[in-house]
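A short write-up of the structure that comes next.
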Amino acid sequence: KEVNLEVYSDFDAKSYILNENEGYEYIIENIESLDASKLGDYEILYKSHNSVHSKEATLVVHVVDSTPPEITLTKDFLVLVRGDETKKFKAKEYLKSIEDNYSPKEKLEINFTKNINFDNDEVEGIYTAKDEVGNTATNILNIAVVESEEGEEKKQEETTEEESTTEKE
């Protein structure tokens with residue numbers, strides 16, 4: 001039998017004994033070889049016996065990382081005035097953090113939209129992160145692009161929206 005165990009999770013070897021029969025003695029071997037902090041395959045040997053019968057079974061435990069990185073942006077919504085503000089826009093400035101449960105930061109592949117077409121009134125800044133085993137996450141910064149006269153009104157709405165969000169937290 002084979003099972004997947006998420007990296008850093010607890011492993012209860014006894015929970016994989018299928019039939020605990022009265023009068024049998026159970027021995028679990030190689031359990032100390034399982035390192036739940038390291039990805040890989042580990043074999044756990046189960047032995048059971050009584051005065052007449054004995055059985056052996058192997059459980060292969062695959063320690064895996066199936067959790068994608070977590071991307072946090074400084075905000076989810078942004079209003080930019082077409083022209084100076086859109087020309088100065090740098091997606092990286094809105095990236096607050098990227099965390100992963102297993103891969104160190106230097107092993108994460110991070111990408112974000114570099115050439116956004118600000119001719120449209122609504123655009124997205126797309127951020128992606130991929131850890132060293134291939135788990136991928138995406139987060140989106142929604143951007144409203146306005147002309148300069150609309151800009152001040154929209155900026156006020158954005159500020160009001162942020163204040164109400166902060167009050168809820």
For the atom pair CD (Glu70) and CD (Glu99), what is the distance rounded to the nearest 0.5 Å?
8.0 Å
Between NZ on residue Lys88 and CD on residue Glu93, distance to nearest 0.5 Å
10.5 Å
More than 12 heavy atoms of other residues, nucleotides or ligands under 6.0 Å from CD of Glu2: is that the case?
yes
Taking atom CG of Leu59 and atom CG of Asn30, what is their separation to the nearest 0.5 Å?
11.0 Å
Does some side-chain heavy atom of Pro104 sit less than 4.5 Å from a side-chain heavy atom of Glu132?
yes
Taking the side chain as C-beta and beyond, is there a heavy-atom pair between Leu78 and Asn142 under 4.5 Å?
no
Give the ring-plane orientation class for Tyr102 versus Tyr8, where under 30° counts as parallel, over 60° as perpendicular and anything between as tilted.
tilted
Are the charged groups of Asp121 and Arg82 less than 4.0 angstrom apart, N to O?
yes
Please tell me if the side chains of His62 and Val60 come closer than 4.5 Å, counting only heavy atoms from C-beta onward.
yes
With a 4.5 Å cut-off on side-chain heavy atoms, are Asp76 and Leu141 touching?
no
Mind checking whether Ile31 and Val7 sit in one hydrophobic cluster, side chains of I, L, V, M, F, W, Y counted as touching below 4.5 Å?
yes
Would you give the length of the straight line joining atom CG of Asp131 to atom OG1 of Thr136, rounded to the nearest 0.5 angstrom?
7.5 Å
Side-chain heavy atoms under 4.5 angstrom apart, residues restricted to Ile, Leu, Val, Met, Phe, Trp, Tyr: same cluster for Val61 and Leu39?
yes
Please tell me whether Ser48 and Glu25 have a donor and an acceptor in their side chains that are separated by less than 3.5 angstrom.
no
Out of curiosity, Thr74 OG1 to Leu95 CG, how far, rounded to the nearest 0.5 Å?
8.5 Å
Answer yes or no: is there a donor N or O on one side and an acceptor on the other, between the side chain of Tyr127 and the main chain of Ala91, under 3.5 Å?
yes
What heavy-atom pair brings Ala129 and Ile71 nearest, and what distance separates the two atoms?
N-CD1, 3.7 Å
Please test Glu122 against Ile143 for side-chain contact (heavy atoms from CB on, under 4.5 Å), starting from the C-alpha separation and ending with a verdict.
CA-CA 6 Å; Glu122 293 180 7; Ile143 305 168; over 6 Å; no
Okay, side chain of Asn50, backbone of His53: is any donor-acceptor separation there less than 3.5 Å?
yes
Tyr16 versus Val3: any side-chain heavy-atom pair under 4.5 Å?
yes
Side-chain touch Leu45/Lys47, heavy atoms, less than 4.5 angstrom:
yes
Do Ile110 and Thr128 have side-chain heavy atoms sitting under 4.5 Å apart?
no
Of the options Val146, Leu80, Val145, which is the one that meets Glu85 in a side chain to side chain contact (heavy atoms under 4.5 Å, CB included)?
Leu80
May I ask you to decide if Asp119's main-chain N or O and Asn117's side chain share a donor-acceptor pair within less than 3.5 Å?
yes
So if you build clusters from Ile, Leu, Val, Met, Phe, Trp, Tyr with side-chain heavy-atom gaps below 4.5 Å, do Leu34 and Tyr46 land together?
yes
Provide the closest heavy-atom pair for Asp65 versus Val133 in the form atom of the first, atom of the second, distance.
O-CG2, 3.5 Å
Counting C-beta onward and ignoring hydrogens, is there a side-chain heavy-atom pair between Thr58 and Glu43 closer than 4.5 Å?
yes
Stepwise side-chain contact (heavy atoms from CB on, under 4.5 Å) test for Ile126 and Phe112:
CA-CA 5 Å; Ile126 301 172; Phe112 43 84; over 6 Å; no
Can you measure from NZ (Lys92) to OG1 (Thr113) and round to the nearest 0.5 angstrom?
14.5 Å
Below 6.0 angstrom between ring centroids: does that apply to Tyr94 and Phe89?
yes
So which heavy atom on Ile98 is nearest to which on Pro69, and how close?
CG2-CB, 4.2 Å
What one should report as the nearest heavy-atom pair of Glu147 and Val81 is C-CG1, 4.1 Å
Closest contact, heavy atoms only, Pro68 versus Asp100
C-OD1, 3.8 Å
Do you know which two heavy atoms are closest between Ile44 and Phe11, and how far apart they sit?
CG1-CE2, 4.4 Å
